[in-house]
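Because the structure is predicted, anything quoted here is derived from the model rather than measured. Remember, it's 1-based here, ligands and their atoms both numbered in the order they're listed.
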Amino acid sequence: MRAFALFFALVFSLCVQAHAEDGYDLWLRYKPVTANRVGPYRNHAAEIDADCSTPTLRATSSELQRGLTGMLGRPIPLRSVPATSARSGAIVLARTGGNALGPEGYAIRSDRIHGNRITVISANSDIGLLYGVFGYLRLIQTGQKVDALNIHDAPKYTLRVLDHWDNLDRTVERGYAGPSLWNWATLPKIDQRYIDYARADASIGINGAVLNNVNADPKILSPEYLTKVAALASAFRPYGVRVYLSVRFSSPVEVGHLKTADPMDPTVQAWWRSEVDQIYRLIPDFGGFVVKANSEGEPGPWDYHRTQADGADVIADALAPHGGTVFWRAFVYSATKEDRAKQAYDEFKPLDGHFRRNVIVQVKNGPIDFQPREPFSPLFGQMPKTHVGLEVQLTREYLGGDDGIVFLAPMWSEVLDSDTCSPRCGTPVKSTVTAMAGVANIGSDRNWTGSQFNQANWYAFGRLAWNPSLSPQQIATEWTRMTWSSNPKAVQPIVATMLNSRESVVDYMTPLGLVHQFQNDHHYGPAPWSCNLSFPSWNPCYYNDANSGGIGFDRTKRGSDAVDQYAPPIAREFGTLRTVPSKYLLFFYHLPWTQRLPGGQSLWDSLIVHYDRGVAQVEANRHQWSALAPYVDRQHFADVSKDLDRQVLEAWWWRDASIAYWQSLSKLPLPPGHSSPAHPLSYYQSIHFDTVPGFKVPRIDARTLCVAGRGGPKCAL
Ligand code: BDP
């Protein structure tokens, strides 16, 4: 009997290995729980007792049925009966949550009714129940016990929104996962994919989707497009995902044919009101707008000598009667001589208290852009009379696009946990914001995100927007168990790789506080020497300020004094060479190459050590991955192997190109044990791509990268 069981297990595992998965199911694979884990679930889920009278309740009970059937390997009947007649082992979905749970929270409780052991998932709303079901399924997916539960969970932020930078021609700005998911040509016809997208969002608590690029096409407000938007809204509705649109500030002129978009002009105010009324007639639960104004060439209130608050408020007033929100982006900078890092704060801080209550000032995590590492934006904590939202970027515009593994939860947690010291120390960014927005990394690729591991960043965004105190370790472990395997031999190395991955990128791209050292426009690959763009702060040379004397941007009192924008304790910490964290060193200081750092090493040596540490880590990750073949799906294994091969090449490219350039300035020898770049500087300077994904669409080929790598066997990809 035992031999038979063993044989069966072997055949079963071979079958599982042979079946190639395509990633479409994301973290919702609901694979059978392995034999030793079925035990705890044996007496669970004899049936599901639920009311299925609304689309959300139907989605909820069918999700539970689907998940349990998949994981427990037996059909689970669905009954529409009152909780009082629940049978032993039933899972009861009940619309009675309790006030503490709020409109979206849920409770899961192990209970007894007439002596029968049951599990009750309860909430105040249909959507709370759906979240509760996903929470319950996650427990089983991640191997937790479910026989003595008493869980209460509710989201920390009310608005948890994905921003799709999708254009109406289906290109995606900074997208690495194929054309836009939204097929504008066939909409309003609903594709199953739209429903699956909303379901995936709901599974991690995301409750809003901005459908189009912040660099918005005014056409999105035309009746033709609004009909298509309304169709998407109805596909998402059962899953609690509201649609939002990015709009151009000049829409009153472009769409409404007015002479002006001046927010103080009554005809403009009336236009926004009537436009918004019309949208709500089509989409009663429309979320609102995102506006990028007076930034990178987009129109805005400055064009009419009005403030950013004037601009935001006119649109907010139109949305307010319907309960809509304006996400007004604080990503503004212009070609002045002022340090770009200071400009958003200078503009927005004086406007604190001038924004309507339904405006969320949306602030990127750092004061420059979505760099691999920046200190937190000084706006966090310093606009106490304004709703402020944190904007992060899931798509890896500045983190290698689609190459390799870069798990971003450590980066976002670093920001969320940064102490703003406003109004007092002990006030982390996460307690100063009221919403989270993430620039999506999703496209129409079958696996949604281009590379398998990029799915983890979608997952992590949702989980952190729900609970910003979850640790990256917990999120990575959950995701790995749900997506790959529960076998500790797979979980441990995958999680370890995920957790080191962001720091490795920082090391091999922009160590010690450097930022924005990317090739122009497409931001793929290194170009620290680049200095030819007319807009000064688009040039890497602006940020590194490197010359024969040293490197780094002086933001101390002697320099731009950006440091002074932080609350005094932080300004003192960052503004004192002895106390500034080394990870932000060159963000705040211009230092001689030979500067001694606190550990005794010179700045020059430390830079080289960081580059090499990044490369070594990525190589170690690649090596470690090779050992995972027995534990993960064959196709996934092969795909990730390729991604990691590209990342190793990319890391060498960054390391060699950067060192070659810095060395041309410092004239210093490399410290012992560190190899010289493979090619002369001119070689790296001549690497040029006309097209790179996310910028002009086509996907980069691994072989193209070989021109940048070290050649040899690694290039035979
Ligand atoms: C920059 C991107 C650009 C975006 C801009 C933004 O390069 O494509 O339009 O951010 O956030 O980092 O508006």
Side-chain angles (χ1 to χ4, degrees), residues 161-169 171-177 180 210-217 220 244-250 289-300 302 308 311-312 326-335 340-341 343-344 347-348 360-374 377 379 389-402 408 411-412 415 436-441 443 461 509-510 515-525 527 530 533 535-540 542-543 689 691-697:
V161 177
L162 275 182
D163 286 21
H164 293 263
W165 283 2
D166 295 17
N167 298 313
L168 304 187
D169 63 2
T171 56
V172 180
E173 183 149 339
R174 314 306 177 185
Y176 309 97
S180 166
V210 185
L211 299 180
N212 59 321
N213 193 352
V214 281
N215 301 313
D217 185 329
I220 194 70
Y244 295 73
L245 293 176
S246 295
V247 285
R248 237 166 110 81
F249 189 74
S250 49
F289 296 129
V290 174
V291 189
K292 170 176 178 177
N294 294 121
S295 165
E296 300 185 332
E298 295 296 324
W302 294 348
Q308 294 276 326
V326 184
F327 286 97
W328 189 268
R329 298 179 84 226
F331 180 64
V332 294
Y333 62 95
S334 48
R340 172 168 163 187
Q343 295 187 31
E347 181 58 33
F348 278 84
I360 300 215
V361 172
Q362 184 165 307
V363 180
K364 287 191 182 183
N365 52 270
I368 301 286
D369 211 333
F370 299 120
Q371 297 302 298
R373 171 169 278 133
E374 290 177 62
S377 162
L379 279 170
L390 166 64
E391 177 179 327
V392 295
Q393 195 181 42
L394 284 60
T395 192
R396 289 164 36 207
E397 173 183 358
Y398 296 101
L399 291 118
D402 205 17
L408 295 172
M411 169 169 167
W412 302 333
V415 180
M436 268 182 82
V439 180
N441 59 355
F461 171 75
M509 283 187 183
T510 50
V515 292
H516 226 307
Q517 299 303 293
F518 303 85
Q519 292 204 5
N520 296 343
D521 302 329
H522 54 65
H523 301 154
Y524 185 69
S530 175
L533 294 176
F535 211 90
S537 68
W538 282 346
N539 287 312
Y542 170 91
Y543 296 97
F689 299 114
T691 56
V692 155
F695 186 64
K696 290 196 184 136
V697 195

Look at [atom] and say which protein heavy atom is nearest, naming residue and atom and giving the distance to 0.1 Å.
atom                    : result
atom 10 (O) of ligand 1 : Lys364 NZ, 3.0 Å
atom 12 (O) of ligand 1 : Asp369 OD2, 2.5 Å
atom 7 (O) of ligand 1  : Glu397 OE2, 2.5 Å
atom 5 (C) of ligand 1  : Glu296 OE1, 3.3 Å
atom 3 (C) of ligand 1  : Glu173 OE2, 3.4 Å

Geometry only, no angles: is [X] polar-contacting ligand 1 at N/O separations under 3.5 Å?
X      : result
Arg329 : yes
Trp165 : no
Glu391 : no

Assess, by modelled atom type and distance only, whether the side chains of [X] and [Y] contain a donor and an acceptor separated by less than 3.5 Å.
X      : Y      : answer
Asn215 : Glu173 : yes
Glu296 : Tyr333 : yes
Gln362 : Trp328 : no
Ser180 : Asp166 : yes
Gln393 : Trp412 : no

Are [Y] and [X] an aromatic pair, judged by ring center distance below 6.0 Å?
X      : Y      : answer
His516 : Tyr542 : no
Phe370 : Phe331 : no
Tyr244 : Phe289 : no

Checklist line | Location of contacts on Asn213 toward ligand 1, heavy atoms closer than 4.0 Å | finding: neither
Next item on the list: Run the numbers for me: atoms of ligand 1, each under 4.0 Å from some heavy atom of Phe331, listed by number.
Entry: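 Answer, ordered by atom number: 5 (C), 6 (C), 10 (O), 11 (O), 13 (O).
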Next item on the list: Output the list of atoms in ligand 1 that are nearer than 4.0 Å to some heavy atom of Asn215, sorted by atom number.
Entry: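 Here the atoms of ligand 1 in question are 9 (O).
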Note to self: Is it the case that the side chain of Ser530 and the backbone of Gln519 share a donor-acceptor pair, with hydrogens and angles ignored and the cut-off at 3.5 Å?
What the structure shows: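 No, because the side chain of Ser530 does not come within donor-acceptor range (under 3.5 Å) of the backbone of Gln519.
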Next item on the list: State if His523 counts as touching ligand 1 under the rule of any non-hydrogen atom under 4.0 Å.
Entry: yes
Note to self: Regarding atom 13 (O) of ligand 1: of the candidates Glu298, Arg174, Lys292, which has the closest heavy atom?
What the structure shows: Lys292
